[in-house]
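Inspection log for the structure reproduced underneath, given as structure tokens.
Keep in mind it's a predicted model, so treat the numbers as computed, not measured. Reminder, nothing fancy here: chain letters follow the sequence lines and each chain counts from 1.
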2 protein chains.
Amino acid sequence: MARNIVPRDKDYSQWYLDVIKASELADYAPVRGCMVIRPTGYALWENIQKAFDEAFKETGHVNAYFPLLIPTSFLEKEAEHVEGFAPECAVVTHAGGDELEEPLIIRPTSETVIGHMYSKWVQSWRDLPILINQWCNVMRWEKRPRLFLRTSEFLWQEGHTAHATREEAVEETLRMLDVYRRIMVDHLALPVIPGEKSEGERFPGADNTYTCETMMSDGKALQAGTSHFLGQNFAKAFDISFQSQEGTQEYAWTTSWGVSTRLIGAILMTHSDDDGLVLPPRIAPVKAVIVPISTDGVLIEETLLPKARELASRLNAALGARAVTVDSQFHLRPADRFFHHLQRGIPLRLELGERELASQTLRSVRRDTAEKADIPWEGMEETVAALLETMQGELLTKARAFRQDRTRRAETFEELKAILEKEGGFVEAFFGGGKAEEKAIKEATMATVRCFPLDDDSRGTCFFTGKKDARRAVFARAY
Amino acid sequence: MARNIVPRDKDYSQWYLDVIKASELADYAPVRGCMVIRPTGYALWENIQKAFDEAFKETGHVNAYFPLLIPTSFLEKEAEHVEGFAPECAVVTHAGGDELEEPLIIRPTSETVIGHMYSKWVQSWRDLPILINQWCNVMRWEKRPRLFLRTSEFLWQEGHTAHATREEAVEETLRMLDVYRRIMVDHLALPVIPGEKSEGERFPGADNTYTCETMMSDGKALQAGTSHFLGQNFAKAFDISFQSQEGTQEYAWTTSWGVSTRLIGAILMTHSDDDGLVLPPRIAPVKAVIVPISTDGVLIEETLLPKARELASRLNAALGARAVTVDSQFHLRPADRFFHHLQRGIPLRLELGERELASQTLRSVRRDTAEKADIPWEGMEETVAALLETMQGELLTKARAFRQDRTRRAETFEELKAILEKEGGFVEAFFGGGKAEEKAIKEATMATVRCFPLDDDSRGTCFFTGKKDARRAVFARAY
């Protein structure tokens, strides 16, 4: 049906790009590796932001803004951190017509500059905890860019907190992981698996990294968000120290956590189909479009269009400003008008023709299932709201079933390899290896440890090292 | 009273910095000329954003995101534009470990890169108008930085629209100026003067620039926001052309308009006093603080604190989440607790002591006038909301009266010079000169044409050139 979108089973990568293009989510910027987030994509990002931001504030966090440019010397203060990020940095060497004395990097992440500021702000235990989040752009130069998934510049939030004790910092790390899980499941309809990262997949400079992993519709994994327990590594590198209640001088314990515009790629690859974008209603910028249809131009002008606007305004009062729009592309055939909204992932199409006018109804068509219904104008606010919530729930259920269906267990390396080779998807297996073993497995299978799921406390023999009492890990090829 | 704030009449510049420090609005970043917007300052920015963003959306605009980095060659495509901005640019020469083939600048403003994208998106008259806004960071290297007013990096919004006709673009330019005026007056309590800029003060590349000018409490002017009619200059430089309804190929007409974090400086220097920050209630992040007071620790713990929380939660339900907080700094003396909130500009202090407990009231103290009142718990939601609105109105009235009081008229250059020298403030005078005359006046007086007010259509003889039929201009020294 979608003439401008390659089917998923033919070329998944091309399908992904075609859906972005057809839905006008994003475009390529003139600088290689960078993107333009178009209004449709940005409105989606605003709704994602709103959901997370409210949850951050409810858990006591405040927003702030730290500078874009970081002295190169800052990065070097934490050994693992510089090793991880230096190769990806964009460097400012000139400004205001002069060469700079010290080159500045565009932030790839802000632990260093925020650590520097916290060391100024924290003196006493009374100054702790600091619970700050920042919404901003960051830059990590990408050799193989891909819209939303890997772009040299992307938008994200980065939470940075400092605590008086190890326990509090660990608790915060896990609290924010759970906030991520909750918003991803409830709003983005992503059935994520919260888990702990393996040694080889940790954030550079972290003692421990937690993740929400989710499966795309090609069976590959995507890391949707991470939460890091940074121990005292950055506190020591930047001297975030304080006088404790007992009068001793202590280093703080810090955390950081982030989600980015990559989530738009995750939503796309979880819910969309060969016709284009499918969006969970709770974060869809436009939740429904009313389409007046008739071959009678006078009827449209004098009756259908005014009625459509009246109904849209009633629905907007209930569902939120600008949640429902009216299609007036009368220069297009009805099928093309339908297709326009289908490709853009508008959850509900509400047709208003002569039949509907006579029966005082709207003909609803669901984007996800194409299911149709007649919705009486009377009480339509409740009916439409309920239908959208049903769709939201069903999208999550469907994605979860898909993941469960494509998750297998392996007892041996041969099994693991065979499953990844033939079927892809997630493979669960007991694993007790370290960085070296992870590397060997990756070389042989292109798969990595996605996480040790937090809700799975079973133990068994490692399929790779034979060690006893190993935790269960999820392996997969990943974006 | 404020031991850590120099009085305004002693050293206005130092007062400004002291107020920022005491209220924790911002701090200096480790990179010269850059700032950290601290949580108090950022929450204020979020409220300012919310007010403008809603007004942009109500007038049909959508948000998008364009890239941070711009090829240097783009800037050179518009002659006046490159002349205006090139000297202030920060330049990225290396990225991902390699030297770049073409250096990239960090956007000082985005007309060029957005023009490039619009030329891809606009083919037909059906693609117009494009009404896009962007919230982002920009960079203009500052030799003499000043927190909020002139920082090398700042946050702003930049609207960029493209239209099929000149008339539509002019209408848009003035519509957005009026949106600015309305939000600045109604929400920020800034009695701005909307006007047209003189030739010498136009945006580089614009045919015409409009501005909202406002007076600070030292009598100097501050440009609070500008709206530019760009004619076809950028459309021609970037080939934004389209097939018209009549089948001819035409260049589009574009506009751009912006307000920035500089507005925080404007709010500070309009309303604050020698004790510290004063904020208009509509944009104050925290609108009231309940302060339980007693020397009886048990009474505080068992009665006052729980009651304060209950009242705060009732007020938050009415005024918005987190609008009212409870002070629990019991390690400080009451005077110091009061002072803490006074310096931070919390509009209302609501004291809850034994007397108030007995009479079931709260003792309110206004930040702006120190006026006190007893507010019964019963119906306090309405009383507090009304009191905050009264304060909002009075702050605007006071600022407007101050401006009127410090605005004089001059008939001759000698008069203009004398007023600026002795009294400062705004001077109104008929002016018909061009760039050269503006320069001469600036050299003699340090004052510039702030604007030709739009609501003043009187005409007279220019004090400088003797030309007849000159428009009335406002002259002032400016930030």
Any idea which of [options] has the most non-hydrogen atom pairs under 4.5 angstrom with chain A?
{"options": "B:Trp45, B:Tyr28, B:Trp141", "result": "B:Trp141"}
{"options": "B:Val113, B:Ile106, B:Ile70", "result": "B:Ile106"}
{"options": "B:Phe74, B:Tyr65, B:Tyr42", "result": "B:Tyr65"}
{"options": "B:Glu46, B:Glu88, B:Arg140", "result": "B:Glu46"}

Check whether [X] gets within reach of chain B through its side chain, its backbone, both or neither, counting any heavy atom under 4.5 Å.
{"X": "A:Leu100", "result": "side chain"}
{"X": "A:Ile114", "result": "neither"}
{"X": "A:Cys89", "result": "backbone"}
{"X": "A:His116", "result": "side chain"}
{"X": "A:Met35", "result": "backbone"}
{"X": "A:Asn133", "result": "neither"}
{"X": "A:Pro67", "result": "both"}

Take B:Val92 and A:Val91, measure what side chain to side chain contact (heavy atoms under 4.5 Å, CB included) needs, and give me the verdict at the end.
CA-CA 5 Å; B:Val92 176; A:Val91 189; 5.6 Å; no
Is the side chain of A:Lys143 donor-acceptor paired with the backbone N or O of B:Gly96 at a distance under 3.5 Å, no angle test?
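Such a contact is found between A:Lys143 side chain and B:Gly96 backbone.
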Please tell me if the side chains of B:Leu69 and A:Glu153 come closer than 4.5 Å, counting only heavy atoms from C-beta onward.
no
B:Leu68 versus A:Val31: any side-chain heavy-atom pair under 4.5 Å?
no
Atom of B:Arg322, atom of A:Glu58 and distance for their closest heavy-atom approach
NH1-N, 4.0 Å
Heavy-atom closest pair, residues B:Arg38 and A:Ala64
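Heavy-atom minimum between the residues: C-CB, 4.2 Å.
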In terms of side-chain heavy atoms, does A:Asp27 have a donor or acceptor partner in B:Trp121 at a distance below 3.5 Å?
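Yes.
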For each of A:Glu142, A:Gln134, A:Glu54, A:His94, tally heavy-atom pairs with chain B at distances under 4.5 Å, and name the one with the top tally.
A:His94
Per-residue contact mode, B:Pro87 against chain A (heavy atom under 4.5 angstrom)
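Only the backbone of B:Pro87 comes within 4.5 Å of chain A.
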Against chain A, label B:Ile105 side chain, backbone, both or neither, depending on which of its atoms sit under 4.5 Å from a heavy atom there.
neither
Quick one: do B:Glu102 and A:Arg32 make a salt bridge, cutoff under 4.0 Å?
no
Ion pair check, A:Lys120 and B:Glu24, cut-off under 4.0 Å
no
From CD1 (A:Ile37) to CG (B:Asn63), nearest 0.5 Å:
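It comes to 11.5 Å.
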Applying side chain to side chain contact (heavy atoms under 4.5 Å, CB included), run through A:Val62 and B:Thr40 and close with a yes or a no.
CA-CA 9 Å; A:Val62 286; B:Thr40 315; over 6 Å; no
Is it true that, when you exclude A:Glu83 itself, more than 12 heavy atoms of the residues, nucleotides or ligands shown sit nearer than 6.0 Å to its CD?
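It does not: A:Glu83 CD has 12 such atoms or fewer within range.
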Taking everything shown except B:Lys77 itself, do over 12 heavy atoms lie less than 6.0 Å from its NZ?
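Yes, enclosed.
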